[in-house]
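This report concerns only the one structure given below.
Predicted model only: the values in this text are computed from it and were never measured.
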Amino acid sequence: MPNHVPHIIEVAIPLHLDRTFHYRVPREMEGQALAGRRAFVPFGRRRLTGYILGNVTAPPPHELKEIFEVLDPEPLWTDSELEFFRWVASYYLHPLGEVLKTALPAGINIQDRKGSGQDDPTVSGGKTIKTEIVYRAAAPCEPAPHLGAKAADILGVIREAGDIPAAELRRRFGTCSPQLKRLAELGLVTGETREVYRNPFGDDAVKRDTPRVLSRHQQAALDALCAALDRHAFAPFLLHGVTGSGKTEVYLQAIAQALGQDKNALVLVPEISLTPQLVQRFRARFGHGIAILHSGLSDGERYDEWRRIRRGQARIVIGARSAIFAPLAGIGIIIVDEEHEASFKQADGLRYNARDLALVRGRMERAVVLLGSATPLVTSRYAAEHGKLALLTLPERVEQRPMPTVELAPMKGVATAISPLLVPALEATLAAGEQAIIFLNRRGFATYLVCAECGAPLACPNCSVSLTYHRQRGQSVCHYCDYAIPAPGICPACGCQELKELGAGTERLEHDLRELVPQARILRMDSDTTGGKGSHGRLLARMSDGSADILVGTQMIAKGHDFPGVTLVGVVNAEASLAMPDFRAAERTFQLLSQVIGRAGRGDAPGRVVVQAQSSDHYAIQNAVRHDSDAFYRQELEFRREVGYPPFSFLACLGFSGTAERPVEEHAGTVARLLTQLKREKGLRVEILGPAPAPLYRLRGRFRRQILLKSPTRNDLRRLIAAWQQNRPAASTIREYVDIDPVDMM
DNA sequence: AGCACGCCGACT
DNA sequence: GTCGGCGTGCTC
């Protein structure tokens, strides 16, 4: 035996471990153990799937184990994709192995298996490849020998079709395997197994359409995008276009341009708006070659879409946040639609923001990145004003459609949940055979209950937030932890049986509307009424087929779906979201209000909106009502500048919260270590905020792994910045996740 | 994350 | 005398 240099590889393990591991590669696998493939490896006394990162030249000074097997015949990722994943792992302080696992479709992910057997046959690559048997006529002209009538019919069909899947034959003839077996024996047909993709679209065909004529502003935006595509360099854009201004048409034509350059397109959409409507428009324009990735797919469908993309059989990928990890090569353009949506953030495991990662991947791929929204993130507007994003605006609706008219209904001193202004508007809408939606971002019947005797509020014993009375369920429920008591409950302080029902939720609105407009057919849509699978779609269908007049709901009606028959929108308690404990509360309020207002009106008739508010003084409400987003962003930026928020890319907020057994102070060591790490590795400026305001979070055991998400409030930020400026750490807790706009790191 | 090792309370 | 609680530490 000649002396032989051992082949050593670096492997990322999908566990919470901050380093990679090295393995020896047996001689017979040397050609296969390449970067981007998975390897089945021994790990402790377990056996699991790791991801090969590459070769190692200098062997580490300790004993190495050998890999069992290379699981993939082809690399799962290219080198540049691996580079992207490394960036992600380092930016989000997350183990690379876990990042890679997240990037993979479920179904081929987990191969963990313990035990002794080397003879475990299930250990191999993805096991979910679907196949079908296809029959083909072997000798088309040969006259058939005497056959049964059914066999002869089957043969006829096969000969006519050329080749035909077994499933199709079974659909036409019922059971036909005996006949097929006979035909095959006679050498008249052959059957072969081939791989098929599960098709998430089903079989419905789509009518093709053609590019529409663009408005002046659309054309200007498209020209800028095409010019950037021609340069083949990273070019980030913000497309700020009012509702109905035709952003999608700009996307479609920009994608067409990219495809024409032989490049591919990645389209990220918030989960909720991954409605058939948008996908249909893409299919109508581009036909085949579209892959979709979202949580509604089965593991098999997801896996198949992933393989189609990897093999270059899809030119356009449309998906929710995880699609940012799609194995799409040659990306020319990445579009993030509704870029302000919070659903681009993954809130557990690898806490990424797909909107941010779009910019990072786009930079690595030298692609055009287009962030589109009617109400962009304040950070995006800020970046645009500082030249880090090129700003494209669509200030007008297509075809000169007017914006809805908006009235404010002051609720000060009004005892009812529904304003007296809204009722006649509803009646008029119904009389005209049109529909209305009423929006209130709180579910339940009464949002808090207080004792009629002593005034004590009914609160959750775990979370110390007030319980919401759900009349239908007959319970008072905590919306944080689902703690529930029989409704409405008795006063915990004095035992009094009478509780005052304060604060209306959607259930209460529905109840009141049935009395106020008895002739209306009313639907309610919130997470209480959309529990079952498909109930969401059923409710929407009843609106679109006209079998309901009024839809009452929470923010799930504000997003995603179009309601073509809706001419009236009522917004109840518009300022509620301003009180949210989050420094982005004003931004959120403006976004949500603008979105709901945009729901009103249809092609022929301008919409009408009634906005109910205790006080409409706040610029978030006023500017949403006036459709003046420029004014909103100007004022919000001004406000943030005044309070001295570091320009939007400040830092990571880390949050810890304590338990009775382990108070927060005991975590100081861990907090300090993490902060030091962040400072050193990321060059970030980090401070610690005070304790989390509500004991919403329970930590057990190893707090290190249970890092919590909590948005800093405006007050938190003020304290943070004061501490920062005086170069002093503030007290004890908090972690948020890294919420830095990568545009600012570029 | 698992999984083992390890050292203190109530039990077939 | 053991079973089992979870604290600590390790995994090429």
Side-chain angles (χ1 to χ4, degrees), chain A residues 4-30 32-71 82 85-86 88-89 92-104 106-118 120 122-123 346-352 656 658-671 673-674 677 698-709 735 737:
Chain A
H4 171 255
V5 186
H7 184 188
I8 297 167
I9 52 171
E10 186 187 12
V11 176
I13 301 292
L15 291 176
H16 274 202
L17 295 167
D18 268 335
R19 69 209 135 111
T20 55
F21 294 83
H22 301 269
Y23 288 88
R24 271 183 296 119
V25 178
R27 214 105 180 253
E28 66 275 15
M29 298 177 202
E30 273 181 9
Q32 303 164 45
L34 303 175
R37 303 190 194 193
R38 292 169 306 151
F40 198 56
V41 298
F43 194 76
R45 57 204 60 225
R46 285 182 291 170
R47 316 165 80 210
L48 38 85
T49 306
Y51 307 95
I52 303 176
L53 300 172
N55 293 331
V56 175
T57 40
H62 47 78
E63 270 301 292
L64 296 182
K65 289 186 180 173
E66 262 187 3
I67 65 170
F68 292 127
E69 191 182 349
V70 175
L71 295 176
L82 286 174
F85 295 132
R86 281 181 196 275
V88 171
Y92 292 111
L93 298 167
H94 204 78
L96 180 55
E98 294 253 285
V99 172
L100 293 171
K101 185 175 146 181
T102 311
L104 228 38
I108 59 168
N109 248 346
I110 303 183
Q111 301 270 329
D112 290 33
R113 204 158 281 131
K114 60 171 175 237
S116 51
Q118 286 103 333
D120 189 343
T122 58
V123 176
Q346 169 85 45
D348 49 62
L350 170 63
R351 290 163 186 238
Y352 62 95
F656 285 85
T659 59
E661 307 81 54
R662 263 175 172 275
V664 129
E665 290 70 31
E666 281 187 29
H667 302 335
T670 309
V671 173
R673 205 163 41 246
L674 243 160
Q677 191 188 353
R698 300 263 143 151
L699 287 188
R700 300 183 154 172
R702 298 175 208 200
F703 61 88
R704 257 184 301 175
R705 310 244 158 72
Q706 308 222 10
I707 292 172
L708 304 170
L709 196 91
R735 131 124 210 195
Y737 61 116

What integer distance in Å separates A:Ile13:CD1 from B:dC3:C1'? 15 Å
A:Gln32: side chain to side chain donor-acceptor pair (under 3.5 Å) partners, not counting sequence neighbours: none
Hey, does A:Glu10 reach any base, or is it just sugar-phosphate, or nothing, if we go heavy atoms under 4.0 Å? nothing
How many Å lie between CD on A:Glu98 and P on B:dG2, as a whole number? 9 Å
If I take atom CD in residue A:Glu63 and atom P in nucleotide C:dT11, what distance separates them, rounded to the nearest angstrom? 13 Å
Across all chains, not counting sequence neighbours, the side chain to side chain donor-acceptor pair (under 3.5 Å) partners of A:Arg24 are A:Glu66
Just to be sure I understand the rule, does A:Tyr23 reach a base, reach only the sugar-phosphate, or reach nothing, if contact means heavy atoms closer than 4.0 Å? sugar-phosphate
Take the protein atom CG of A:Leu48 and the nucleotide atom P of C:dC12, then report the distance between them rounded to whole Å. 9 Å
Nearest 0.5 angstrom please: A:Ile52 CD1 to A:Tyr23 OH, how far? 11.0 Å
Across the strands shown, which category fits A:Arg19 at heavy-atom distances under 4.0 angstrom: base, sugar-phosphate, nothing? base
To the nearest Å, give me how far apart CZ (A:Phe21) and P (C:dC12) are. 7 Å
Only one of A:Thr20, A:Asn55, A:Leu53 passes side-chain contact (heavy atoms from CB on, under 4.5 Å) with A:Ile9; say which it is. A:Asn55
Just how far, in rounded Å, is C1' of B:dC3 from CZ of A:Phe43? 11 Å
Nearest-angstrom distance from the residue atom CZ of A:Arg46 to C1' of C:dG9: 14 Å
Rounded to whole Å, how long is the line connecting atom CZ of A:Phe68 with atom P of C:dC12? 10 Å
